[in-house]
Amino acid sequence: MLDALRQISRDVETAPSFEYALGIIVARVCLILGTEVCSIYIFDKVSGELKLIENEGFHRSAIGTVSLAPGEGVVGLVAERGEPLNIENVSEHPRYRHFSAIGEEPFSAFLGVPVTHNRRVLGVITVQQREDRRFREDEEAFLTTLAAQLANVVARADATGRVSAILNADYVPTDVRYEGIAGAPGIAIGTAVVIGPSANLDHVPNKETDEVAAELTSFDRAIDRVRADIEETDRSLSEHLPAQERALFSAYLHMLDDSAIAGEVREEIRLGNWAQGALRTVIARHVSKLQLVENPYLRERVTDVRELGQRVLAYLQDIHRDKFYFPEQVILIGEEVTASMVSDVPANQLKGIVSLRGSSNSHTAILARALNVPAVMGVSEFPVYEFENQIVVVDGFYGELVGNPTTQVMDHYHELIAEEAEFVKELEPIKDQPSETLDGHRLNLWVNIGLVGEITRSLDRGAEGIGLFRTEIPFASRDRFPTEEEQRVIYREHLEAFNPRPVTMRTLDIGGDKALPYFPIDEDNPFLGWRGIRVTLDHPEIFLVQVRAMIKASLGLESDLRIMLPMVTDRREVAEAKTLILRAYREVREENVAAKLPQIGAMIEVPAVIHQARLIARQVDFLAVGSNDLTQYMLAVDRNNPRVANLYQEMHPAVLHALRELAKAAHAEQKGIGICGELAGTPEGAILCVAMGYDVLSMNAANLPKVKWVIRNVSLRDCRRILARVRRMDDAEEILDFIRDQLIGAGLERAIPHHETPSVFL
Ligand code: PEP
Ligand code: MG
């Protein structure tokens with residue numbers, strides 16, 4: 001049965017439609033269990049009834065016509081109880097109902113299993129048989145396992161409105177909400193332009209050729225044209241993005257070199273494969289190598305390699321990339337929106353991005369943030385090709401989108417966009433005002449940064465320093481480690497731009513969900529593996545080069561350079577890192593670079609450190625809490641997994657307790673403490689951090705003005721009073737609601753991004 005289940009699961013996953021998948025399931029169940037009938041009933045959101053949606057054994061006319069009120073019949077009973085029901089002679093059951101018109105004969109054996117998703121019963125799958133018998137336990141287990149798989153398929157179709165559309169002929173789904181991952185903040189409404197690669201490498205056959213020279217010539221021509229396209233894209237983006245962020249295009253160009261993919265393709269052609277087949281072989285080889293290393297950053301590189309292959313293929317097939325007609329307000333949608341697809345859209349028309357694959361770490365999300373375009377990534381349950389030309393709402397704050405919005409919902413989002421724009425404008429003047437509460441408590445609002453393009457935006461928003469420079473980002477857009485001088489130039493740019501404000505540079509934080517394309521880390525459990533400081537202490541040559549570059553970059557500037565260590569677990573790591581930093585400093589001085597000694601800080605992201613915080617604080621100049629990772633590790637919830645996203649609660653009482661203990665520990669050692677996780681950039685989180693005594697709140701530049709505005713409009717006393725109440729609460733939702741109520745009570749509701757959910761969604 002295991003093989004049968006695996007096979008069904010594979011076939012269902014690759015089924016071209018939801019209906020087709022249901023058909024596969026009922027047919028296979030009948031075959032495997034040797035039953036006469038298998039039926040799937042699903043709750044219809046429109047009528048509230050349980051309706052027969054697919055069946056093997058009855059007349060086809062039964063589909064859509066058999067419907068049961070909740071709790072009606074034995075099928076209704078299965079749904080009501082939420083448990084399997086295995087009955088030997090069903091016609092004698094008091095709840096039995098007979099539908100003769102559809103060809104239902106008086107069956108004896110009945111087995112019904114609920115289809116449950118996220119604790120909700122979506123429907124019931126049943127099998128029936130004429131023979132007098134009770135279904136065996138292994139048959140019940142089989143159907144239960146299958147029902148669990150079916151639940152995912154139904155939930156997906158339900159979310160897109162497909163279930164309602166099948167069960168109700170005249171139903172047109174509106175305001176369909178899809179959830180993904182917030183890729184870049186902001187809200188946009190526009191027309192969907194669905195973009196996909198124009199040629200399909202997967203469908204290219206191998207073909208022997210005798211005309212090797214001709215194949216090589218057409219391949220060379222295709223490469224030249226792709227090269228020209230990329231250079232053109234790079235040029236057209238140069239106005240909007242600094243060179244650093246366009247490094248991806250150099251990486252593309254490099255892949256086209258003879259020493260990389262192009263060279264391998266030529267080899268294949270010389271072996272007698274025609275150019276298209278040779279290209280497919282080489283691309284597939286690279287993709288499968290990269291896929292073996294299961295980590296998100298490398299998956300992004302898989303996309304790049306595939307995209308490049310498609311582009312070359314398009315020219316080989318002489319399919320010129322369709323010059324898209326772009327409407328005024330483009331929402332670019334695709335299964336895998338790549339950075340180069342983004343750059344195909346005229347910058348002033350691109351309003352939003354939606355990608356089925358990818359995460360907030362994807363190149364595309366990074367690019368979207370740099371271009372200030374709202375983006376939602378990883379929307380796995382989205383029927384992308386049905387959306388061409390449709391109006392779509394993209395909510396990059398919450399990682400949501402709304403398909404086919406009604407006027408009511410559109411008005412709601414238009415209002416939010418207008419409010420947001422007005423609010424941002426109104427907040428402009430406070431950029432030069434201090435971050436100070438009404439009763440004079442001063443604190444530092446700094447920014448989290450990673451791209452050169454964010455420097456200007458951060459300064460425009462009144463950033464008083466950099467609280468977290470994610471140095472892995474410039475590392476990621478290359479095809480090898482940057483040299484000391486290359487790093488120095490990048491760091492210098494930040495330090496100079498912020499001079500005399502402090503700049504906190506985190507040493508390379510890779511591992512977990514962040515890997516470099518050229519430095520794969522293949523682990524079963526990467527978040528608990530070789531991450532952050534663990535990697536760089538094992539590679540002092542990388543660490544020393546980076547620290548030297550940072551120190552050299554600070555030469556002659558007033559700015560305090562603060563070097564921060566990620567993922568610290570114990571004092572030994574801090575001691576070793578400090579030794580290396582001091583060594584790097586000595587080396588730099590020996591090169592006659594008279595730079596200042598940097599401050600050294602430790603990030604608190606590992607729960608164990610909460611209990612050793614004073615010990616760690618004694619070793620360093622400052623502490624900085626990485627509440628994103630700290631929350632994930634304290635709650636044992638993957639921060640990138642949409643399935644458990646509802647359990648990822650930054651306001652969990654245990655997390656808040658830890659944050660308070662950490663602030664107390666740092667201050668007991670007379671050391672400053674900051675927080676640079678997402679929590680610090682929310683008005684609710686900021687209020688609590690102020691009350692706990694955090695000296696630095698570091699956040700995304702987009703959130704800074706709002707947080708400053710809130711801080712300038714509350715008193716430290718109020719914050720402390722709110723914290724005192726919150727400390728008596730034992731539920732994250734209650735805490736969040738309470739703080740929001742307090743903000744609303746203080747007239748500060750505008751700082752909460754659209755806290756009112758449109759009524760159609762409730
Ligand atoms: C954190 O973990 O809170 C943090 C700021 O680091 P990152 O999000 O880069 O892991
Ligand atoms: Mg972290």
Side-chain angles (χ1 to χ4, degrees), residues 181-185 295-297 359-362 365-366 369 377 399 445-451 454 458 465-476 503-516 521 526-536 562-569 573 601-610 622-641 645 648-652 655-656 658-659 662-663 673-682 685-686 688-689 694 696-704 707:
I181 297 164
N295 81 44
Y297 261 81
S359 68
S360 53
N361 292 318
S362 313
I366 294 171
R369 291 199 287 270
M377 312 295 294
L445 292 193
W446 294 356
V447 278
N448 296 348
I449 213 166
L451 294 168
E454 289 173 294
S458 302
I466 297 180
L468 165 62
F469 179 1
R470 291 185 164 101
T471 58
E472 61 278 3
I473 294 179
F475 274 64
V503 171
T504 315
M505 297 198 182
R506 175 168 75 184
T507 59
L508 189 63
D509 183 20
I510 52 171
D513 61 342
K514 298 182 274 196
L516 301 173
I521 300 173
F527 275 113
L528 300 182
W530 208 38
R531 283 201 67 183
I533 194 76
R534 301 171 187 178
V535 178
T536 44
R562 296 155 44 101
I563 296 182
M564 180 159 88
L565 311 168
M567 275 292 290
V568 163
T569 309
E573 288 170 339
M603 282 190 83
I604 313 291
E605 303 180 279
V606 177
V609 181
I610 300 164
F622 65 93
L623 295 182
V625 181
S627 56
N628 304 336
D629 275 316
L630 188 64
T631 304
Q632 113 162 318
Y633 290 126
M634 283 190 71
L635 304 182
V637 176
D638 179 345
R639 59 194 263 193
N640 292 326
N641 183 347
Y648 183 87
Q649 298 170 330
E650 296 164 304
M651 294 266 179
H652 191 288
V655 175
L656 296 182
L659 293 183
L662 287 166
I673 182 163
I675 172 164
C676 54
E678 294 301 309
L679 180 79
T682 63
L688 296 182
C689 294
Y694 277 81
V696 176
L697 307 189
S698 190
M699 64 201 71
N700 193 315
N703 297 348
L704 197 143
V707 171

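Just so you know, ligand 1 is whichever comes first in the structure, and atom 1 is the first atom listed for that ligand. Below, all heavy atoms of this structure are taken into account, side chains as well, without hydrogens, waters or symmetry copies. Throughout, numbering of the chain's residues begins at 1 and tracks the sequence.
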Identify all N/O pairs between ligand 1 and the protein with a separation under 3.5 Å and present them as a table of atom names and distances.
unit_1, atom_1, unit_2, atom_2, d
ligand 1, 2 (O), Glu605, OE2, 2.9
ligand 1, 2 (O), Asp629, N, 3.0
ligand 1, 2 (O), Asp629, OD2, 3.0
ligand 1, 3 (O), Gly626, O, 3.3
ligand 1, 3 (O), Ser627, N, 3.1
ligand 1, 3 (O), Asn628, N, 2.7
ligand 1, 3 (O), Asn628, ND2, 3.3
ligand 1, 6 (O), Arg506, NH1, 3.0
ligand 1, 8 (O), Arg470, NH2, 3.0
ligand 1, 8 (O), Asn628, ND2, 3.0
ligand 1, 8 (O), Arg639, NH2, 2.7
ligand 1, 9 (O), Arg470, NE, 2.8
ligand 1, 9 (O), Arg470, NH2, 3.4
ligand 1, 9 (O), Arg506, NH1, 3.2
ligand 1, 9 (O), Arg506, NH2, 2.8
ligand 1, 9 (O), Lys514, NZ, 3.0
ligand 1, 10 (O), Lys514, NZ, 3.3
ligand 1, 10 (O), Asp629, OD2, 3.0
ligand 1, 10 (O), Arg639, NH1, 3.0

Q) ring pair (Phe, Tyr, Trp, His ring centres under 6.0 Å) with Tyr694: which residues, sequence neighbours excluded? A)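 Here no residue qualifies.
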Considering only heavy atoms from C-beta outward, does the side chain of [X] approach that of [Y] to under 4.5 Å?
| X | Y | value |
| --- | --- | --- |
| Met651 | Leu679 | yes |
| Thr682 | Asn703 | no |
| Val707 | Met699 | yes |
| Met564 | Phe622 | yes |
| Leu697 | Ile675 | yes |
| Glu650 | Asn628 | yes |

Q. Between Asn448 and Cys676, is there a donor-acceptor pair closer than 3.5 Å when you use the side chain of the first and the backbone of the second?
A.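 Judged by distance alone, yes, a pair lies under 3.5 Å.
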Q | Number of protein N, O or S atoms [distance to the Mg ion (ligand 2) under 2.8 Å] | A |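 N, O or S atoms of the protein closer than 2.8 Å: 2.
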Q | Partners meeting salt bridge (charged side-chain N to carboxylate O under 4.0 Å, His left out) with Arg506 (sequence neighbours left out) | A |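 Partners of Arg506 under the salt bridge (charged side-chain N to carboxylate O under 4.0 Å, His left out) test: Glu472, Asp509.
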